[in-house]
Amino acid sequence: MVWLDDRLMNDPLVAAAIGGHPRVRAHHAKPIMRALLQSGVELAGLHLDTAIAAYLIDPAETRYSVGELLAKYTPFEMSIDGATASGQLDFGDHGDGRGAASAEALAVTHLADALDRELREQGMAELYATIENPLVRVLAKMEHVGIAVATDELRQLNASLTADVERLGTELQVVVGRPFNINSPVQLREILYTERGLVPGKKTKTGFSTDAATLEKLRDQWPEFIEPLLRYREVEKLRSTYGAGLLAEVGPDARIHATFNQTVARTGRLSSDQPNLHNIPVRSEEGRRFRKAFVPATGCMLLVADYNQIELRCIAHLANDPGLIEAFIGGRDIHSATAERIFGVLAADVTVEQRSKAKMVSYGLAYGMEAYGLGQRLGIPTDEAAVILDAYFLAFPNVKAYMEHTVVEARKRGYTETLFGRRRPIAELMSSNFRVRQAGERQAMNAGIQGLAADIFKVALVRIDEALVRGGHRSRVVLQVHDEVVVEVPDEERVEVGPMVIEIMRHAAELVVPLEVNVAWGATWADAKG
DNA sequence: TCGGCCGGTCA
DNA sequence: CGTGACCGGCCGA
């Protein structure tokens with residue numbers, strides 16, 4: 001653990017010393033790195049982050065506190081109240097927290113040794129050293145830099161949505177004839193199913209559902225209420241989560257500094273919060289307006305680069321399926337190619353519906369979907385969905401074999417493993433409960449696919465940052481969304497940085513199919529889409 | 001104040 | 001009865 005006061009942190013000699021001393025061990029190094037970055041010091045010598053090591057060993061854990069990890073992986077225990085016992089780490093109470101801080105620092109060194117050994121024993125030392133460890137610094141920098149926001153535009157958008165919500169709210173109260181809380185599913189249930197007597201659809205744990213799909217079915221029976229309600233939901237979602245939500249997170253520098261969590265997603269993906277920048281609307285034109293508020297700094301453009309169907313390419317590779325491989329190598333529209341094979345038609349004859357069904361089958365498959373679920377989503381009977389699934393597996397036999405093999409192997413070992421050695425324990429596979437067990441099987445099928453895509457993306461992210469630093473560029477990675485990276489690029493660096501990012505992403509991993517990367521430039525995040 | 005639940009957004 | 005996330009709001013403890 002490194003402790004520096006303000007004066008020392010600004011000393012270039014100290015910075016150089018830290019950078020040149022590659023044995024820093026810390027628990028959650030990222031916030032420490034961010035604090036140092038505030039003072040212009042880049043911590044370059046991270047050797048082991050005990051929280052991340054613990055995450056690799058057991059990604060299903062929800063909390064990685066030093067005390068709990070110490071008890072789990074070492075013979076030591078943290079002292080709680082200063083009472084000492086054999087094997088406890090306790091430096092006594094000085095009344096100023098020094099004792100606790102010392103104990104924690106010592107605990108981290110013990111933990112680091114234990115976790116380091118564990119990583120090596122589980123074959124994850126390389127995954128840690130080449131991907132996760134360097135990623136900590138990349139994420140710290142991303143968070144530190146943040147992404148610029150057009151605050152005025154965001155405020156205007158929020159105000160407009162607020163006005164719409166108020167108007168719709170009033171309209172709904174008038175239709176019902178009395179005031180009520182539109183945001184309350186309980187009160188909506190009462191109005192729809194008890195007072196109005198509509199026939200309820202599906203149920204939730206606590207009563208009948210009022211979700212959008214259900215309301216859609218009831219629409220014609222009470223359009224003057226349900227239509228404004230659906231619209232209200234839409235607008236209120238945008239207003240509360242994205243309008244008010246994003247505004248609340250804009251910093252004094254007019255940028256949003258979200259957190260990118262490296263120890264949350266059980267598959268190896270990153271997660272984002274405060275705010276979550278992974279679910280900014282994109283599908284509807286109205287929602288996309290929020291992406292227009294994400295902008296580059298003056299004199300810069302945003303470069304948006306995302307992988308084309310990376311998960312399906314991962315399936316092609318992992319299953320080593322000739323049909324999928326051929327389609328990807330041929331540079332085909334994968335959903336058309338799939339439809340062609342499933343429905344036995346010529347490429348030119350694939351209808352929009354067939355392509356859409358093929359797309360749903362492909363993605364559903366990556367999630368372990370079965371005939372029932374497919375039928376639900378396609379709005380067709382289960383047996384018809386089963387015919388489509390059979391046709392898929394007939395066309396892509398190795399995919400079926402891969403799925404089955406993955407589950408068998410996971411059950412045998414108790415965990416799944418990605419190509420890069422990332423493990424995911426799945427205890428559910430041994431459950432006596434059929435539904436729980438089936439859920440475990442779906443997780444097993446998905447883990448290798450989503451996990452590999454995540455690994456590849458992390459490699460690309462680390463290499464992009466490395467290339468930007470090495471090249472002395474001012475371009476900065478400002479955002480990532482699972483298979484997409486956003487880079488803020490000074491105008492004069494565009495010619496060089498654009499192709500460089502593409503090249504790095506394409507070769508982050510060498511699969512049996514090519515990795516394709518879409519790139520776009522924009523003066524906003526929305527403009528750089530497509 | 002907290003946590004479970006609902007509903008909705010993304011890859 | 002498709003995987004993985006986060007969040008705003010409601011509501012009861």
Side-chain angles (χ1 to χ4, degrees), chain A residues 59-60 180-189 202-215 229-230 232-246 248-249 258-261 263-284 286-288 290-291 306-312 314-315 360-378 382 385-386 389 403 416 424 426 434-451 453-454 457 479-485:
Chain A
F180 69 101
N181 186 343
I182 309 161
N183 294 329
S184 164
V186 176
Q187 295 185 34
L188 278 177
R189 254 176 237 152
K202 65 180 173 186
K203 290 183 74 168
T204 67
K205 280 180 184 172
T206 56
F208 293 110
S209 175
T210 69
D211 68 9
T214 304
L215 294 177
L229 175 58
L230 284 166
Y232 173 94
R233 281 256 180 89
E234 236 176 275
V235 180
E236 169 62 7
K237 173 71 178 181
L238 294 176
R239 186 205 63 79
S240 64
T241 303
Y242 303 108
L246 289 177
E249 300 289 353
T259 307
F260 292 93
N261 307 298
T263 61
V264 173
R266 284 175 290 188
T267 52
R269 272 189 178 178
L270 299 175
S271 80
S272 160
D273 62 9
Q274 280 184 324
N276 179 7
L277 295 182
H278 286 167
N279 67 348
I280 305 300
V282 67
R283 286 166 195 170
S284 76
E286 192 170 28
R288 261 200 303 278
F290 283 99
R291 295 199 175 213
D306 71 305
Y307 281 111
N308 181 294
Q309 285 145 355
I310 190 169
E311 291 197 345
L312 296 184
C314 289
I315 293 177
M360 215 169 302
V361 173
S362 295
Y363 278 105
L365 222 117
Y367 305 146
M369 189 168 62
E370 287 173 357
Y372 177 88
L374 179 62
Q376 289 291 302
R377 273 159 191 77
L378 294 180
T382 302
L389 268 184
M403 296 294 178
T416 63
R424 171 165 179 194
I426 303 181
F434 175 74
R435 296 168 73 92
V436 173
R437 210 163 54 239
Q438 272 211 324
E441 289 173 5
R442 290 193 296 272
Q443 291 161 11
M445 286 186 267
N446 176 257
I449 301 162
Q450 193 182 121
F457 187 84
L479 194 58
Q480 74 82 227
V481 192
H482 304 309
D483 63 359
E484 166 182 341
V485 61

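Reminder, nothing fancy here: chain letters follow the sequence lines and each chain counts from 1.
Within the structure, every pair that satisfies the salt bridge (Lys or Arg N to Asp or Glu O under 4.0 Å) test and touches residues 269-282 of chain A, not counting sequence neighbours, is listed here: A/Arg269-A/Glu311. Sorted pairs that involve residues 368-377 of chain A and meet salt bridge (Lys or Arg N to Asp or Glu O under 4.0 Å), not counting sequence neighbours, are lacking altogether.
With sequence neighbours excluded, no residue forms a side chain to side chain donor-acceptor pair (under 3.5 Å) with A/Thr241. Taking the side chain to side chain donor-acceptor pair (under 3.5 Å) definition, one finds that A/Arg442 meets it with nothing, sequence neighbours left out. A/Arg424 pairs by the side-chain contact (heavy atoms from CB on, under 4.5 Å) definition with A/Arg266, A/Thr267, A/Thr416, A/Ile426, A/Gln443, A/Ala447, not counting sequence neighbours. For A/Ser271, the side-chain contact (heavy atoms from CB on, under 4.5 Å) test picks out A/Asn261, A/Val264, with sequence neighbours left out. Residues that satisfy the ring-ring contact (aromatic ring centres under 6.0 Å, His included) test with A/Tyr363, not counting sequence neighbours, are A/His335.
The A/Tyr363 side chain lies nearest to C/dG2 when the options are C/dG9, C/dG2, B/dA11. Taking every side-chain heavy atom of A/Tyr242 into account, B/dT9 is the closest of C/dG9, B/dT9, B/dA11.
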Close N/O contacts between protein and nucleotides 4-7 of chain C (under 3.5 Å):
| from | atom 1 | to | atom 2 | distance (Å) |
| --- | --- | --- | --- | --- |
| C/dG4 | OP1 | A/Arg424 | NH1 | 3.3 |
| C/dG4 | OP1 | A/Arg424 | NH2 | 2.7 |
| C/dG4 | O4' | A/Gln450 | OE1 | 3.4 |
| C/dG4 | O4' | A/Gln450 | NE2 | 3.2 |
| C/dA5 | OP1 | A/Arg266 | N | 2.9 |
| C/dC6 | OP1 | A/Ser271 | OG | 3.0 |
| C/dC6 | O4' | A/Asn276 | ND2 | 2.9 |
| C/dC7 | OP1 | A/Gln274 | N | 2.9 |

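Of the side-chain N and O atoms in A/Arg442, one or more sit less than 4.0 angstrom from OP1 or OP2 of C/dT3. Contact annotation: A/Arg239 side-chain N/O to C/dG9 OP1/OP2 distance is under 4.0 Å.
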Inset, instruction - Let me have a per-nucleotide readout for nucleotides 1-6 of chain B, 5' to 3', with B, S or -, counting only protein heavy atoms under 4.0 Å. - result: ----SS

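Between A/Phe260 and A/His278, the angle of the ring planes lies from 30° to 60°, which puts this pair in the tilted group.
Atom C1' of C/dG2 sits at a distance of 24 Å from the matching atom of B/dG4, rounded to the whole Å.
Residue contacts for A/Leu374: at a heavy-atom cut-off of 4.0 Å it reaches no nucleic acid atom on any strand shown. Contacts of A/Gly364 with the nucleic acid, taken as non-hydrogen atoms under 4.0 Å apart, include base atoms. Heavy atoms of A/Ala447 sit nowhere under 4.0 angstrom from any nucleic acid atom.
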